[in-house]
Protein chains: 2
Amino acid sequence: MNSQPVSGEDESNGKNNRNQMETDYCITKKVVELCKLVLQMTTRSGSGHPSSSLSLAHIITVLMYEIMHYSPQDPWNPANDRLVLSEGHAVPIVYAAYADIGGVYGIDPQHPYILSIEDLKTLRQICSPLDGHPNPQSGFPFFDCATGSLGQGLSCAIGIALAARLQRIKKHVYVIIGDGEGREGQIWEACDYIIENNIFEIIPVINCNGLAQTGPVLSQQSAHKYSEKLRAFGFHTFVVDGHDPGVLVKTFKKILRLQSPAAIIARTVKGWGVSQLQDFVYHGKPLNESALTDAFMQLESTTASEPETTPDNCVHVNYVPQNTSVTESPRYIPLPDPDFEKILQGDRYLETFRKGLMSTRRAFGLALRETGFLNSHIVCLDADVNTSTYTSYFAASFPERFFQCGIAEQNMMSMASGLARTGYVPFVSTFSKFMVRAFDQLELALISGASLKLCGSHSGVNTGADGPSQMGTSDLSYMRTLSTVKNSDGERLMTVFNPCCAVQAWKCVHTMMTLPHSCYMRTIRQDLPILYDSNELFEPGDAKLLIEGKDVALMATGYMVHACKRVVEELHDAGIHVSLYDCYTIPVKPQVVYTAAENNNGKIITVEDNFGNGLGAEIASIAALQEFSPIMVKQLFVKRIPKSGITAEDVLDFVGLGV
Amino acid sequence: MNSQPVSGEDESNGKNNRNQMETDYCITKKVVELCKLVLQMTTRSGSGHPSSSLSLAHIITVLMYEIMHYSPQDPWNPANDRLVLSEGHAVPIVYAAYADIGGVYGIDPQHPYILSIEDLKTLRQICSPLDGHPNPQSGFPFFDCATGSLGQGLSCAIGIALAARLQRIKKHVYVIIGDGEGREGQIWEACDYIIENNIFEIIPVINCNGLAQTGPVLSQQSAHKYSEKLRAFGFHTFVVDGHDPGVLVKTFKKILRLQSPAAIIARTVKGWGVSQLQDFVYHGKPLNESALTDAFMQLESTTASEPETTPDNCVHVNYVPQNTSVTESPRYIPLPDPDFEKILQGDRYLETFRKGLMSTRRAFGLALRETGFLNSHIVCLDADVNTSTYTSYFAASFPERFFQCGIAEQNMMSMASGLARTGYVPFVSTFSKFMVRAFDQLELALISGASLKLCGSHSGVNTGADGPSQMGTSDLSYMRTLSTVKNSDGERLMTVFNPCCAVQAWKCVHTMMTLPHSCYMRTIRQDLPILYDSNELFEPGDAKLLIEGKDVALMATGYMVHACKRVVEELHDAGIHVSLYDCYTIPVKPQVVYTAAENNNGKIITVEDNFGNGLGAEIASIAALQEFSPIMVKQLFVKRIPKSGITAEDVLDFVGLGV
């Protein structure tokens with residue numbers, strides 16, 4: 001790439017002296033320049049969405065040159081206003097503007113590169129920071145969060161705005177949402193949150209170009225309906241011509257003076273300025289090389305008439321904030337070993353604990369509260385189940401860092417992504433079953449480079465009486481899938497913890513804190529015997545040998561460790577010497593499996609109370625990797641859809657996992 | 001269970017002669033009876049949600065005794081009005097009413113059992129049809145769809161109502177939604193669909209009891225806000241006292257006369273009638289045995305004053321529809337072998353096909369259209385990507401069986417569940433990446449016993465230029481997880497097809513049609529060489545040996561079959577004899593793996609262009625199951641988050657899967 005490192009900042013101003021006619025002329029002229037760049041780069045890459053980009057040309061130009069306060073030379077500056085392009089496929093227009101402005105890109109703030117016009121030709125190339133959709137991890141830090149799976153940007157913006165509030169930074173977050181995109185329910189979850197918390201720092205712009213991928217947008221996504229819906233939710237709304245620079249500037253400025261949430265509904269033309277692109281079959285399709293000349297001529301003819309006097313360089317970024325020192329990195333203070341006797345003083349649960357029982361969900365909640373005291377960057381998000389997941393402990397101690405999202409898991413997960421990308425360590429917690437609701441949001445958060453600490457409670461079929469709609473049975477497998485992948489920093493995307501004992505759960509919270517990447521902990525509803533001393537160490541990748549045998553190794557996880565323990569003890573009495581391993585984490589280090597096999601006759605049985613493809617797939621994959629001393633792995637898991645049962649044992653019998 | 005088979009039907013009527021005072025008295029008296037049953041059964045089971053149930057007591061009583069038209073003796077009758085209890089945890093009140101009415105339950109319409117008052121004691125027991133949340137598969141056919149993961153019921157109701165329209169059955173679907181639940185964005189996706197298609201047959205009731213699990217419902221979920229929002233979306237709204245029988249009856253009757261969508265917003269009291277249950281800590285918590293007597297006294301004191309004349313048996317189901325013959329079962333007519341030359345006559349794609357190329361997504365689309373001609377029960381749902389998934393072929397031929405859901409995957413999946421549960425075979429299609437958005441809805445559909453035929457296009461990182469937000473990389477693993485489980489009929493929950501060739505994709509659509517259970521097909525964006533003759537057979541569980549070798553077996557799936565083919569051919573030229581298997585389906589039959597190992601030196605390499613835990617985990621799990629002739633399995637998959645690249649090969653190199 002033909003780019004050069006830069007440092008320092010440019011101050012620029014002067015546009016305040018322009019009259020309306022001059023402003024129109026300046027912006028329109030810039031719009032035409034940028035549109036041409038969009039057509040060139042998409043045609044060259046052979047893919048991309050020029051028509052969506054053109055519908056946003058005036059809005060993006062007005063935002064990036066007239067309204068937003070940011071330093072193009074320091075996109076990492078936390079004081080910058082931010083743009084979240086929720087309809088991510090329209091990103092070429094942003095790339096064009098950013099190159100025109102000479103903004104910097106790169107992975108490392110110490111080694112920034114200026115984005116040149118020439119660089120635009122690399123759109124979508126494997127070596128380029130200019131990904132097909134906004135992607136900060138590809139080296140484009142102008143964006144905090146990846147977008148492209150629709151409907152998530154507004155929620156990410158909430159996370160960004162909440163982080164700014166915690167950091168006492170005043171900034172605005174502009175969010176561009178496609179009209180077709182607004183069909184995603186997550187948008188309305190985010191709207192509820194914005195209104196409830198009066199997050200006027202977020203300014204959503206609905207881009208009503210009237211065309212979706214396969215035809216006109218549906219009637220419920222018209223500009224008129226957006227206006228009615230947003231007003232009903234609680235927004236001030238402004239329906240404007242999205243290609244009128246003067247109106248756009250005036251409306252944004254008006255909204256910036258309001259102290260309550262407002263949204264712009266912009267009527268635009270998909271493929272603005274280029275007739276050929278205005279046919280909906282051009283969604284996601286660039287022009288042929290041969291059509292460019294005519295398209296350029298059409299674009300040029302749209303330029304407003306030149307005013308008598310035109311300022312040189314009349315459109316440029318108008319404001320650079322003082323370089324705010326980057327927010328202090330999350331401090332890491334180790335979580336001390338648990339002293340539950342002391343911690344539970346005054347808690348009526350102490351009595352249960354003194355019987356040697358505690359649920360892992362409660363230990364998680366207590367540990368989370370403790371980390372809250374040690375680290376001011378810990379925040380916690382809940383979907384109206386904190387009295388079940390026990391994030392209620394954290395909520396009571398740190399109300400300003402606890403975000404009640406209501407029963408809206410998708411919005412919660414994307415909010416966490418925004419918070420994580422702007423300096424916080426979010427613990428996201430709900431039932432493990434309902435975590436499934438936000439898997440797509442989780443994937444986009446991970447693509448964004450967010451480090452999330454997830455906790456799903458009521459995991460496995462041992463949950464019992466509530467029935468299958470409340471039992472987390474696919475989460476372990478899904479999270480294992482993510483654990484097979486690394487992010488662009490070479491960090492593992494996910495480490496899974498599935499503790500069976502309260503001490504272990506507490507200590508795993510400590511480990512989740514120390515790991516730089518995302519983690520997922522599953523917790524169990526029931527009070528269970530405590531198995532470990534409070535100074536036991538639990539390394540990721542390890543497993544604990546609870547009972548030593550020689551005939552066969554049972555490798556169990558979560559609740560099933562307790563179920564297996566009873567069986568193994570009985571078998572030992574009967575002279576059958578089974579080893580019992582507590583596999584509290586995934587991935588498992590291969591050596592753990594090889595040692596277990598070596599000491600147990602080459603025979604392993606895995607046991608988990610969720611659907612297959614979890615621990616069993618992990619152990620079998622390791623076992624099958626080597627050829628010299630064959631290891632046999634039999635996998636026990638939930639082989640049929642569970643139902644309600646009064647006790648865990650009833651349900652385990654039903655699904656074929658009975659003692 | 002103390003129940004007896006029944007047959008035939010009871011006609012009952014007589015309530016039309018009652019005056020308002022008599023009506024109030026009759027309903028309130030029944031409400032008290034039912035509330036007592038709710039308290040008894042939840043206390044006995046030691047779990048359940050009595051307070052939510054009591055908030056619905058009048059609404060459920062009015063619906064089930066006064067408003068709904070249905071036959072309690074034939075819950076399978078497609079002409080019955082239906083109840084979807086979206087806030088599923090309140091189900092005890094429905095069980096109480098159904099037992100009082102003497103409705104029947106069971107798995108088999110030929111062997112129905114009457115639900116007795118005595119049976120209520122079995123709530124949540126493993127042998128009971130009375131699951132913790134509505135669950136038709138546990139033997140409670142009064143419900144079409146399982147609920148409990150919140151926000152999905154309204155979408156299921158759309159599917160039920162659309163099926164009725166296709167079958168020309170006039171019936172109504174009543175949907176009860178909790179106020180906290182309405183935070184889920186999916187509710188608003190469903191509202192858009194209902195308004196757009198004027199589905200006035202659905203009558204949503206928002207139960208505004210003002211208390212969520214962990215405290216008061218959030219301010220955006222107040223009765224007032226619901227009224228404003230629903231009106232903005234396009235509903236008539238009626239805000240009523242949810243404990244006033246007269247008002248409820250009148251409002252329902254008024255709505256039934258409208259021919260456009262209307263919703264009831266009912267202000268209710270959580271724990272109505274029993275002061276102790278009105279504290280929010282009682283969410284999901286039954287009373288102690290000792291508290292029942294006082295609770296009963298409180299309930300009795302609510303009864304309206306007795307009118308001068310009271311009809312005997314004054315509240316009872318008022319209408320039994322004529323027994324409508326159950327809709328004809330889906331006819332199975334085999335899909336003929338593909339003759340693409342003929343099928344593509346007049347299609348400009350014919351030229352590409354004549355070069356020996358076709359994408360699997362196009363073959364899927366063409367096959368789907370063909371099945372549409374053969375089977376009138378096939379319906380298709382799209383999330384505004386039919387021109388990419390090629391369900392556009394079906395849409396053009398069968399507009400009345402094609403449902404455009406807009407960009408709202410959650411609503412789409414739950415709609416499909418409703419359609420599947422009422423006689424249709426829904427093909428649900430979007431990008432495989434966006435299928436993730438509806439995994440939770442898919443799980444609830446499968447719990448409901450729905451058979452869905454899913455197709456996710458643009459699967460794997462070979463999709464290339466659009467970047468990671470558009471690439472399906474976790475879907476194969478997730479669907480494999482579901483393939484490890486069986487439903488209550490003993491059917492596999494999911495079979496996965498991942499074809500690499502157009503002929504194969506066509507034939508796999510045929511197989512998807514013949515399998516009774518749910519299937520998932522992944523299709524590929526690119527045009528690829530056709531590898532198979534049109535009369536080749538593709539059994540589930542099999543794999544195709546494309547190139548025979550002896551040194552090592554490459555077992556590849558999807559796009560990677562083509563990538564591996566080039567490598568294997570080169571290696572053969574260099575004297576290294578690698579076998580190539582096309583693993584187009586999961587689960588794989590163990591014998592396929594054992595044979596591959598036996599003939600290839602005990603060495604297998606799996607190759608897939610998605611995250612791990614897919615084909616590799618499948619093969620390794622099988623390999624590790626046996627101890628006698630050890631099999632070594634090395635898994636190649638996407639080991640880092642992908643990014644945009646111009647060609648598939650660029651991206652494959654980037655993620656470590658380069659040739």
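Under a 4.0 Å N-O distance rule, the pair B:K433/A:E443 qualifies as a salt bridge.
Only the backbone of A:T147 comes within less than 4.5 Å of a heavy atom of chain B; no side-chain atom from C-beta onward does. Of the two parts of A:I631, only the backbone, made up of N, CA, C and O, holds a non-hydrogen atom closer than 4.5 Å to a non-hydrogen atom of chain B. For A:E181, the part lying under 4.5 angstrom from a heavy atom of chain B is the backbone only. Contact annotation for A:F431: neither backbone nor side-chain heavy atoms come within less than 4.5 Å of a heavy atom of chain B. In this structure, chain B has no heavy atom under 4.5 Å from any part of A:A146. With a threshold of 4.5 angstrom between heavy atoms, A:K225 approaches chain B through side-chain atoms but not through N, CA, C or O. Heavy atoms of A:F611 lying under 4.5 Å from chain B belong to its backbone as well as its side chain. Within the 4.5 angstrom heavy-atom criterion, only side-chain atoms of A:N135, from C-beta onward, approach chain B. Both the backbone and the side chain of A:V651 come within contact range of chain B, with heavy atoms under 4.5 Å apart.
Put simply, of A:R492, A:R437, A:M632, the one with the most heavy-atom pairs under 4.5 Å next to chain B is A:R437. Ranked by heavy-atom pairs under 4.5 Å with chain B, the list A:G180, A:S47, A:S138 is led by A:G180. Ranked by non-hydrogen atom pairs under 4.5 Å with chain B, the options A:V436, A:I187, A:L123, A:I195 are led by A:V436. In terms of heavy-atom pairs under 4.5 angstrom with chain B, the leader among A:H49, A:Q137, A:E409 is A:E409. The greatest number of non-hydrogen atom pairs below 4.5 Å with chain B, out of A:F434, A:F654, A:F233, A:W188, is found for A:F233. Among A:E196, A:K229, A:K486, A:K639, the residue with the largest count of heavy-atom pairs under 4.5 Å with chain B is A:E196.
Residues satisfying the side chain to side chain donor-acceptor pair (under 3.5 Å) criterion with B:E189, sequence neighbours excluded, are absent altogether.
Residue pairs meeting the salt bridge (charged side-chain N to carboxylate O under 4.0 Å, His left out) criterion with at least one member in residues 466-484 of chain B, sequence neighbours excluded, are A:R124-B:D466, B:D475-B:R522, B:R480-B:E618.
The aromatic rings of A:Y478 and B:F439 lie perpendicular to each other, with more than 60° between the two planes, well past the 30° mark. Between B:H133 and B:H89, the two ring planes are perpendicular [angle over 60°; tilted spans 30° to 60°].
If you check the side chains of A:S388 and B:Q213, you find a donor sitting under 3.5 Å from an acceptor.
A:N601 contributes no side-chain N or O that, together with a main-chain N or O of A:K603, makes up a donor-acceptor pair within less than 3.5 Å.
The shortest side-chain heavy-atom distance between B:D131 and A:P468 falls under the 4.5 Å cut-off. A 4.5 Å side-chain heavy-atom check between B:M479 and B:M494 finds at least one atom pair inside the cut-off.
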task = Test A:R183 against B:D192 for side-chain contact (heavy atoms from CB on, under 4.5 Å), laying out the working first.
result = CA-CA 8 Å; A:R183 185 86 164 198; B:D192 271 348; 3.6 Å; yes
